[in-house]
**Student:** 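One structure, pasted below without further comment.
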Amino acid sequence: MDANAQTLDKAVEALDPARVFAVIPAFNEARHIESCIRSLMTGNEWLRRVPLVVVDGGSTDGTIEIVTSMMQEFPNLRLVHNSKKLQSAAINLAVAECAGESARFLVRCDAHSIFPAGFIKSVASALLRTKAASVVIPMDARGETCFERANAWIVDTPLGSGGSAHRGGTRSGYVDHGHHAGFDLSVFRSVGGYDESFSHNEDAEYDERVIQAGGRIFLDATIRKIYIPRGSVSALARQYYNYGKGRARTVFKHGQRPKVRQVLPIFALLGSLIGLVAAPFYPPAILLPAGYLTILAAASVFIGVVKRSACGLLAGLASGTMHMSWAAGFIIQSVTGPR
């Protein structure tokens, strides 16, 4: 090991927990918030000296009570009310009101997740080691109910979220976008934090501004988290509809060209609709929606066989819900305008 590597290792080991600041945006996460917090506090005593702030957007399901009761066990835990409700506003609020003067790194921890032991320190260490503006990580989806499992099995494949690097990826390196885990606070503040007008896709929009400012985003595939996907068709549809709208807004705001994997769901939706409308007048047009449904059905059977579970037969339903909802949101936002 060379002298520079040894110096860096010593700096990581000596990292003052007061230099790190962790935030959990939350809204009606009673089912997940306790396991999320406990996973973040699992590890050495260092973790319990890092300020950990839950920024709640007005939960009514008991989330606030659960966090409040856990504050006795974890003195570093704090609860802040977010009147604007959105995750983008939650992170900005926490930075403005809770980040100490000595804080250098911000770690974002989403409540719908279970984190590996030492996650906060691992992310802060990656920021220190790479000197990146942001560190992003892969998500490994894992379901509990039958539909969640089917959703989890398909979402990390090209038929789910399009095979993006942070969906189950295994290769570390610099990227243009990923699932947000850590930020250099000086960069976060200099670019203005998250755009609070974004209810979804605030992460990709932020990444674009970071890159425009000359910052670099590092995907660390050695730091992973377990993500619990939506457990019903309606919840999944709402999520991906809003994702599509958010992506359209980012495209408009920054003059981007959508990637191929983002355009394909739009073609699938438009092709299926055109086929259904045209079929009474031109019967072969039915092959468009029929072909798409055949792909989804084949995916369901394949997942069911590979996973040896009947729950896998719902994978096509989950995949189609993601595609159609995302495409509908993107199209509607594109037609109505960038705001």
Side-chain angles (χ1 to χ4, degrees), residues 12-13 15-82 87 90-91 93-95 98-100 103 105-127 135-145 148-149 151-152 155-156 166 168 179-183 220-231 235:
V12 169
E13 190 62 32
L15 185 61
D16 184 351
R19 302 277 280 168
V20 183
F21 171 61
V23 181
I24 306 174
F27 177 69
N28 284 343
E29 292 288 355
R31 182 180 167 194
H32 304 287
I33 192 65
E34 181 172 356
S35 59
C36 172
I37 292 172
R38 291 194 181 281
S39 68
L40 289 169
M41 291 295 97
T42 298
N44 59 40
E45 191 61 29
W46 186 93
L47 295 168
R48 299 196 179 207
R49 292 188 285 132
V50 174
L52 176 60
V53 181
V54 176
V55 187
D56 184 82
S59 295
T60 57
D61 67 342
T63 298
I64 294 173
E65 291 75 12
I66 292 170
V67 175
T68 301
S69 67
M70 296 184 73
M71 290 168 66
Q72 298 178 5
E73 182 178 354
F74 302 110
N76 60 321
L77 183 61
R78 178 177 174 185
L79 178 65
V80 172
H81 177 63
N82 171 25
Q87 291 189 78
I91 301 295
L93 177 64
V95 170
C98 307
F105 301 127
L106 165 66
V107 179
R108 173 174 172 167
C109 314
D110 291 340
H112 225 68
S113 309
I114 298 174
F115 297 91
F119 174 80
I120 294 173
K121 190 170 186 179
S122 295
V123 171
S125 299
L127 285 164
V135 165
V136 297
I137 61 170
M139 299 189 291
D140 297 318
R142 187 182 77 187
E144 297 172 357
T145 68
E148 285 175 354
R149 290 199 292 274
N151 189 350
V155 71
D156 290 340
H166 64 280
H179 181 74
H180 283 182
F183 309 85
D220 193 330
T222 68
I223 308 172
R224 314 181 71 85
K225 76 166 192 176
I226 295 171
Y227 170 72
I228 311 298
R230 297 299 187 267

**Student:** Rounded to the nearest 0.5 Å, what separation is found between the CZ atom of R230 and the OG1 atom of T145?
**Tutor:**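 R230 CZ to T145 OG1: 12.5 Å, rounded to 0.5 Å.
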**Student:** Considering all heavy atoms of both residues, which atom of A30 and which atom of I66 are nearest to each other, and what is their separation?
**Tutor:** O-CD1, 3.6 Å
**Student:** State the NE2-OG distance between H32 and S39, to the nearest 0.5 angstrom.
**Tutor:**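 Going from NE2 on H32 over to OG on S39, the span is 12.0 Å.
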**Student:** Just grab all the side chain to side chain donor-acceptor pair (under 3.5 Å) pairs involving residues 55-69, residues at least two apart or on different chains.
**Tutor:** D56-S59, D61-T63
**Student:** For R31, which residues count as a salt bridge (charged side-chain N to carboxylate O under 4.0 Å, His left out) partner, sequence neighbours excluded?
**Tutor:**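 Salt bridge (charged side-chain N to carboxylate O under 4.0 Å, His left out) check on R31 returns E144, E148.
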**Student:** Look up atom CD1 in I137 and atom NZ in K225, then write down how far apart they are to the nearest 0.5 Å.
**Tutor:**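 That separation rounds to 6.0 Å.
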**Student:** Measure the acute angle between the ring planes of F119 and F115, then classify it against the limits of 30° and 60° as parallel, tilted or perpendicular.
**Tutor:**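 Because their plane-to-plane angle lies in the 30° to 60° range, the rings of F119 and F115 count as tilted.
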**Student:** If we ignore hydrogens and angles and just use 3.5 Å, is the side chain of H112 paired with the main-chain N or O of I228 as donor and acceptor?
**Tutor:**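 Yes; at least one donor-acceptor contact below 3.5 Å.
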**Student:** Closest heavy-atom contact between P17 and W46?
**Tutor:** CD-NE1, 3.3 Å
**Student:** Taking side-chain contact (heavy atoms from CB on, under 4.5 Å) as the definition, give me every residue that meets it alongside A111, ordered by chain and number, with sequence neighbours left out.
**Tutor:** I24, A26, E29, I33
**Student:** Rounded to the nearest 0.5 Å, what separates atom OG1 in T42 from atom CD1 in I120?
**Tutor:** 10.5 Å
**Student:** Go through the steps for R142 and I114 under the test side chain to side chain contact (heavy atoms under 4.5 Å, CB included), then give the verdict.
**Tutor:** CA-CA 10 Å; R142 187 182 77 187; I114 298 174; 3.3 Å; yes
**Student:** Decide yes or no for V55 and Q87: does some side-chain heavy atom of the first lie under 4.5 Å from some side-chain heavy atom of the second?
**Tutor:**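 In short, these two side chains do not touch, never coming nearer than 4.5 Å.
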**Student:** Give the minimum heavy-atom separation between A126 and D220, together with the two atoms involved.
**Tutor:**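 So the two residues come closest at CB-OD2, 3.7 Å.
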**Student:** Taking all heavy atoms of P25 and all of I91, pick out the closest pair and write down the distance.
**Tutor:**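 Reported closest heavy-atom pair: CG-CD1, 3.6 Å.
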**Student:** Measure the spacing between CG of L77 and CE of M41 and express it to the nearest 0.5 Å.
**Tutor:**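 Output value for this atom pair is 8.0 Å.
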**Student:** Who are the side-chain contact (heavy atoms from CB on, under 4.5 Å) partners of R38, not counting sequence neighbours?
**Tutor:** E34, M70, E73, F74
**Student:** For L47 and K121, which heavy atoms make the closest approach, and how far apart are they?
**Tutor:**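 Scanning both residues, the minimum pair turns out to be CD2-N, 4.1 Å.
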**Student:** My understanding is that only residues two or more places apart in sequence, or in another chain, count here; which of them pass ring-ring contact (aromatic ring centres under 6.0 Å, His included) with F105?
**Tutor:** none
**Student:** Hey, are the side chains of I37 and V54 touching, using non-hydrogen atoms and a 4.5 Å cut-off?
**Tutor:**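 I37 vs V54: side chains touch.
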**Student:** Identify the heavy atoms of V136 and H180 that sit nearest to each other, and give their distance.
**Tutor:**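 Answer, listing the atom of V136 first, then H180: CG1-CD2, 3.9 Å.
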**Student:** Of all residues at least two apart in sequence or in a different chain, which pass the side-chain hydrogen bond (donor to acceptor under 3.5 Å, both in side chains) check with R149?
**Tutor:**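 With neighbours one apart ignored, the set is empty.
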**Student:** Applying side chain to side chain contact (heavy atoms under 4.5 Å, CB included) to M139 and V155, what does each step give before you reach the verdict?
**Tutor:** CA-CA 10 Å; M139 299 189 291; V155 71; over 6 Å; no
